[in-house]
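For reference, the structure is listed below as structure tokens.
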Amino acid sequence: QGPVVESGGGSAPAGGSLTLSCTVSGLAFTSYAMGWFRQVSGDEREGVACVSWGGEYTTYGDAVKGRFTVSRDNAKNTVYLQMNDLKPGDTAMYYCGTSKIGRYCSEFLRHWEYGNWGPGTQVTVSS
């Protein structure tokens with residue numbers, strides 16, 4: 001068992017909603033901004049969202065802006081991704097990771113600036 005584990009994936013119809021969770025163990029959770037990325041086999045890992053250490057600042061990828069909301073509960077060492085108005089293009093493996101930069105998100109979501117990746121949770125959206 002690694003320090004980061006995602007859960008909550010599954011299947012949903014287009015227009016539906018899912019909530020993903022990411023639990024962190026054995027790390028100083030509040031030392032990190034946390035990121036969500038997604039990946040389809042053969043493609044580059046795509047940035048979805050980042051939330052700062054206190055939850056007050058967020059960054060979203062253009063493809064999900066206005067539909068997804070990232071948040072965190074530091075008392076539970078958990079990061080959430082609320083996904084609304086799902087589209088077939090959201091189908092991917094979703095990964096959670098810690099920021100290598102520090103406690104705050106940058107304007108951009110660069111996968112090489114994150115680490116401690118979890119094993120991922122699959123999201124499948126039907127048309």
Practice item. Give a yes or no on whether the backbone of Tyr114 and the side-chain of Ser99 come within a donor-acceptor separation of less than 3.5 Å. Key: no
Point to revise | Arg72 side-chain N/O to Trp53 backbone N/O, donor-acceptor pair under 3.5 Å | key: yes
Practice item. Decide yes or no on side chain to side chain contact (heavy atoms under 4.5 Å, CB included) for Thr124 and Gln122, but give the supporting numbers first. Key: CA-CA 7 Å; Thr124 302; Gln122 178 68 38; 3.5 Å; yes
Check your understanding: Do Val123 and Phe68 sit in the same hydrophobic cluster, where Ile, Leu, Val, Met, Phe, Trp and Tyr count as joined when their side-chain heavy atoms come under 4.5 Å apart?
Key -> yes
Practice item. Establish, from distance only, whether the side-chain atoms of Thr78 and Asp73 form a donor-acceptor pair under 3.5 Å. Key: no
Exercise for review: Starting at NZ of Lys87, measure out to CZ of Arg67 and round the result to the nearest 0.5 Å.
Suggested key: 5.0 Å
Review point. Are Lys100 and Glu113 within salt-bridge range, i.e. N to O under 4.0 Å?
Key: no
Point to revise | Separation of His111 NE2 from Arg45 CZ (nearest 0.5 Å) | key: 8.0 Å
Check your understanding: So how far is it from Leu86 CG to Ser126 OG, rounded to the nearest 0.5 Å?
Key -> 10.0 Å
Review point. Centroid-to-centroid, Phe37 to Tyr94, below 6.0 Å?
Key: no
Check your understanding: Are Tyr32 and Trp36 linked, directly or through other ILVMFWY residues, by side chains that come within less than 4.5 angstrom of each other?
Key -> yes
Review point. From Met83 CE over to Arg38 CZ, what is the distance, rounded to the nearest 0.5 angstrom?
Key: 9.0 Å
Review point. Side-chain heavy atoms under 4.5 angstrom apart, residues restricted to Ile, Leu, Val, Met, Phe, Trp, Tyr: same cluster for Leu109 and Met93?
Key: yes
Practice item. Is it possible for you to say whether Leu18 and Val125 belong to one hydrophobic cluster, with membership spreading through side-chain heavy-atom contacts below 4.5 Å? Key: yes
Check your understanding: Going from CG on Leu81 to CG on Leu20, what distance comes out if it is rounded to the nearest 0.5 angstrom?
Key -> 5.0 Å
Check your understanding: Parallel, tilted or perpendicular: which fits the ring planes of Tyr95 and Trp117, with parallel below 30° and perpendicular above 60°?
Key -> perpendicular
Review point. For the atom pair SG (Cys50) and CE (Met34), what is the distance rounded to the nearest 0.5 Å?
Key: 9.0 Å
**Study point:** SB check Lys65 Asp62 (cutoff 4.0 Å)
**Key:** yes
Check your understanding: Looking at side-chain heavy atoms only, is the closest gap between Tyr80 and Val70 below 4.5 Å?
Key -> no
Review point. Taking C-beta and beyond as the side chain, do Asn77 and Thr23 meet within less than 4.5 Å on heavy atoms?
Key: no
Review point. If Ile, Leu, Val, Met, Phe, Trp and Tyr residues are connected whenever their side-chain heavy atoms lie under 4.5 Å apart, and connections chain through other members, are Val51 and Tyr57 in the same group?
Key: no
Review point. What's the verdict on side-chain hydrogen bond (donor to acceptor under 3.5 Å, both in side chains) for Ser17 and Asn84, showing C-alpha distance, side-chain angles and the deciding distance?
Key: CA-CA 4 Å; Ser17 298; Asn84 296 324; 2.9 Å; yes
Check your understanding: Which pair of non-hydrogen atoms, one from Cys22 and one from Val4, has the smallest distance, and what is that distance?
Key -> SG-CG1, 3.5 Å
**Study point:** Donor-acceptor contact present, side-chain Gln82 to main-chain Thr19, <3.5 Å
**Key:** no
Study note, to complete from the structure: Ala92 and Gln39 have their tightest heavy-atom pair at CB-O, 3.7 Å
Check your understanding: Are the side chain of Asp85 and the backbone N or O of Gly16 linked by a donor-acceptor pair below 3.5 Å?
Key -> no
Exercise for review: Using modelled atom types only, decide if a donor and an acceptor are shared between the side chain of Ser52 and the backbone of Tyr104 within a distance under 3.5 Å.
Suggested key: no
Check your understanding: Heavy atoms, side chains only, cut-off 4.5 Å: are Ser31 and Arg103 in contact?
Key -> yes
